[in-house]
Amino acid sequence: MTLNLAQPVRRVIGCSNASRIPVLMYHGINDITGVTHPYFETNTSPTIFARQMRHLREHGYRTIDLKAAVQMINSGANLQGVVVITFDDGFRDFYTHAIPILQEHQLTATMFVVSGFIGSASTRLAAKDFMTWSEVREIESLGIEIGSHTVSHSHLNNLHLRDVGRELKGSKQTIEDKLGRPVNSFSYPYAFPEHESIFLEQLRQCLESTGYEYGVTTVLGGANQTNDRYFLPRIPINEHDDIRLFEAKLKGEYDWLHLPQSLYKFMRSCYINRTCYK
């Protein structure tokens with residue numbers, strides 16, 4: 001659909017990318033892939049990641065951190081050729097595999113860490129290794145923006161509001177204490193409940209009152225001025241993205257998938273609510 005329909009249609013129409021920034025969403029950079037449907041895969045092998053980063057450099061893309069992206073979006077600047085690379089969770093393979101590749105191609109990124117999973121020694125949870133605080137400080141010194149991904153990677157919309165506050169405030173405070181500088185960005189864990197308007201208003205107020213300035217979600221699409229700065233959409237990238245699909249995602253030709261994604265979430269939400277209140 002992306003390559004054979006959305007791509008040619010957008011090119012015929014002549015859609016411009018001057019008003020959107022693709023915020024790429026990565027998780028693990030390792031060879032443990034292929035265990036899920038390609039759409040749900042969260043890992044990217046170092047080989048594929050290196051190929052994607054080489055493509056960015058060779059085709060003149062400029063990477064900036066999320067803070068700079070928000071500033072550019074708000075200013076109405078020309079966003080053509082600008083990309084944000086983000087990573088969720090704080091896996092140690094970012095330190096061992098992703099950082100050398102990013103440095104080789106002179107690219108930057110934003111990393112969202114789960115503060116409760118980072119320790120003085122590498123922590124292993126669910127067969128995944130996480131960075132240490134020393135390693136987080138090291139990547140931050142290399143120009144990587146560090147943001148919050150909560151304390152415990154919980155489903156926030158299933159928590160009491162005061163516990164949501166603890167997840168946001170606790171993570172921010174811990175990261176700031178460990179790094180010695182403010183934490184301004186937040187990444188929402190799991191599927192973003194975009195149709196739960198009451199929860200989202202409460203979450204936004206909580207983020208703002210806690211001191212966050214902007215954030216990202218798992219909602220699919222390019223970021224632009226129409227988006228709430230606390231709930232910016234992103235574009236998932238993984239092992240199954242060859243260069244044709246990767247470039248299509250950069251140019252907005254994959255954004256059409258947000259509609260079926262949103263409809264699925266809405267129908268699932270209606271089903272759950274109907275089941276719970278029978």
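Residues Pro46 and Asp31 are in side-chain contact: their nearest non-hydrogen atoms beyond the backbone lie under 4.5 Å apart. The closest side-chain heavy-atom distance from Tyr214 to Asn184 is below 4.5 Å. In this structure, the side chains of Arg92 and Phe130 stay at 4.5 Å or more apart for every pair of heavy atoms. Using a 4.5 Å heavy-atom threshold, the side chains of Ile29 and Phe87 count as touching. Residues Glu194 and His258 meet the side-chain proximity criterion, which asks for heavy atoms closer than 4.5 Å. A 4.5 Å side-chain heavy-atom check between Ile139 and Tyr95 finds at least one atom pair inside the cut-off. Put simply, the side chain of Val83 does not reach to within 4.5 Å of the side chain of Arg62, judged on heavy atoms. Side-chain contact between Ser75 and Ile73 is absent, with no heavy atoms from C-beta onward closer than 4.5 Å.
Under 3.5 Å, the side chains of Glu167 and Ser152 contain a donor-acceptor pair of N or O atoms. Defined by atom type and a distance below 3.5 Å, a donor-acceptor pair is present between the side-chain atoms of Ser148 and Ser171.
Under the 3.5 Å distance criterion, the side-chain polar atoms of Tyr188 are left unmatched by any main-chain donor or acceptor of Pro193. With Thr217 contributing its side chain and Val219 its backbone, the two residues share a donor-acceptor pair below 3.5 Å. Without hydrogens or angle criteria, Asn30 side chain to Ile32 main chain gives a donor-acceptor distance under 3.5 Å. Gln261 contributes a side-chain N or O that, together with a main-chain N or O of Leu220, makes up a donor-acceptor pair within less than 3.5 Å. Ser262 places no side-chain N or O within donor-acceptor distance of the main-chain N or O of Leu259, the cut-off being under 3.5 Å. Although no hydrogens or angles enter the test, the distance criterion places no donor-acceptor pair under 3.5 Å between the side chain of His55 and the main chain of Phe246. In this structure, Asp163 contributes its side chain and Leu159 its backbone to no donor-acceptor pair below 3.5 Å. Put simply, the side chain of Asn157 never gets that close to the backbone of Glu196: no donor and acceptor are under 3.5 Å apart. Ser209 places a side-chain N or O within 3.5 Å of a backbone atom of Cys206 that can act as its donor or acceptor partner. Listed for the His105 side chain is no donor-acceptor partner under 3.5 Å among the backbone atoms of Leu107.
Ring pair Tyr26/Phe94: centre-to-centre distance not below 6.0 Å. Ring centroid separation for the pair Phe231 and Phe192 comes in under the 6.0 Å cut-off. The aromatic ring centroids of Tyr190 and His153 lie less than 6.0 Å from each other.
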Mind running side-chain hydrogen bond (donor to acceptor under 3.5 Å, both in side chains) on Tyr61 and Glu247 for me, showing each step along the way?
CA-CA 11 Å; Tyr61 286 98; Glu247 178 66 13; 2.9 Å; yes
Stepwise, does the side-chain hydrogen bond (donor to acceptor under 3.5 Å, both in side chains) test hold for Asn43 with His27?
CA-CA 6 Å; Asn43 288 330; His27 287 78; over 6 Å; no
Check step by step if side chain to side chain contact (heavy atoms under 4.5 Å, CB included) holds for Ile146 and Val136.
CA-CA 8 Å; Ile146 306 299; Val136 173; 4.1 Å; yes
Trp133/Ile175 under side chain to side chain contact (heavy atoms under 4.5 Å, CB included): CA gap, chis, key distance, verdict
CA-CA 9 Å; Trp133 284 117; Ile175 300 171; 3.9 Å; yes
Could you please spell out the steps behind the side chain to side chain contact (heavy atoms under 4.5 Å, CB included) verdict for Val84 and Ile64?
CA-CA 5 Å; Val84 177; Ile64 59 176; 4.0 Å; yes
Apply side-chain hydrogen bond (donor to acceptor under 3.5 Å, both in side chains) to residues Thr47 and Ser45 and explain how you reach the verdict.
CA-CA 5 Å; Thr47 299; Ser45 70; 4.8 Å; no
Determine, step by step, whether Ser187 and Thr86 satisfy the side chain to side chain contact (heavy atoms under 4.5 Å, CB included) criterion, reporting the C-alpha distance in whole Å, the side-chain angles of both residues, the deciding distance to 0.1 Å, and the verdict.
CA-CA 9 Å; Ser187 174; Thr86 68; over 6 Å; no
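Residues Leu179 and Phe112 are members of separate hydrophobic clusters, defined by side-chain heavy-atom contacts under 4.5 angstrom among Ile, Leu, Val, Met, Phe, Trp and Tyr. A continuous path of ILVMFWY side-chain contacts below 4.5 Å connects Leu207 to Val113, so both sit in one hydrophobic cluster. In the hydrophobic cluster analysis, where Ile, Leu, Val, Met, Phe, Trp and Tyr join through side-chain heavy atoms closer than 4.5 angstrom, Val164 is grouped together with Val183. Leu168 and Val114 fall within a single hydrophobic cluster, where Ile, Leu, Val, Met, Phe, Trp and Tyr side chains are chained together by heavy-atom contacts under 4.5 Å. Transitive grouping of hydrophobic side chains (ILVMFWY, heavy atoms separated by less than 4.5 Å) keeps Ile48 and Tyr39 in distinct clusters.
The shortest non-hydrogen separation linking Asn227 to Gly222 is OD1-O, 3.6 Å. In plain terms, the two heavy atoms of Thr218 and Ala191 that are nearest each other are OG1-CA, 3.5 Å. In terms of heavy-atom proximity, Ser185 sits nearest to Thr110 at OG-CG2, 4.5 Å. Across all non-hydrogen atoms, the minimal contact from Ile235 to Lys249 is CD1-O, 3.3 Å. Across all non-hydrogen atoms, the minimal contact from Ile21 to Val82 is CG2-O, 3.9 Å. When all heavy atoms of Gly143 and Thr108 are compared, the closest pair comes out as O-OG1, 3.1 Å.
Under 4.0 Å is where a charged nitrogen must lie from a carboxylate oxygen, and between Lys67 and Glu213 no such pair does. Here Lys128 does not pair with Asp93 in a salt bridge; the nearest charged N to carboxylate O distance is not below 4.0 Å. Electrostatic pairing of Asp241 and Arg51 does not count as a salt bridge here, judged by no charged N lying under 4.0 Å from a carboxylate O. Remark: Lys172 engages Glu176 in a salt bridge, criterion side-chain N to carboxylate O under 4.0 Å.
Rounding to the nearest 0.5 Å gives a distance of 5.5 Å between CG of Leu102 and CD1 of Ile85. Distance check: Leu250 CG to Arg20 CZ gives 8.0 Å after rounding to the nearest 0.5 Å. Atom CD1 in Ile118 sits 11.0 Å away from atom NE2 in His149 (nearest 0.5 Å). Atom OG1 of Thr123 is separated from atom CG of Leu125 by 6.0 Å, given to the nearest 0.5 angstrom. Leu203 contributes atom CG, which lies 6.5 Å from atom CG of Leu156 (distance to the nearest 0.5 angstrom). Taken to the nearest 0.5 Å, the OG1 atom of Thr150 stands 10.0 Å off from the CG atom of Asp88.
Counting heavy-atom neighbours within 6.0 Å of Glu58 CD, excluding the residue itself, gives a total above 12.
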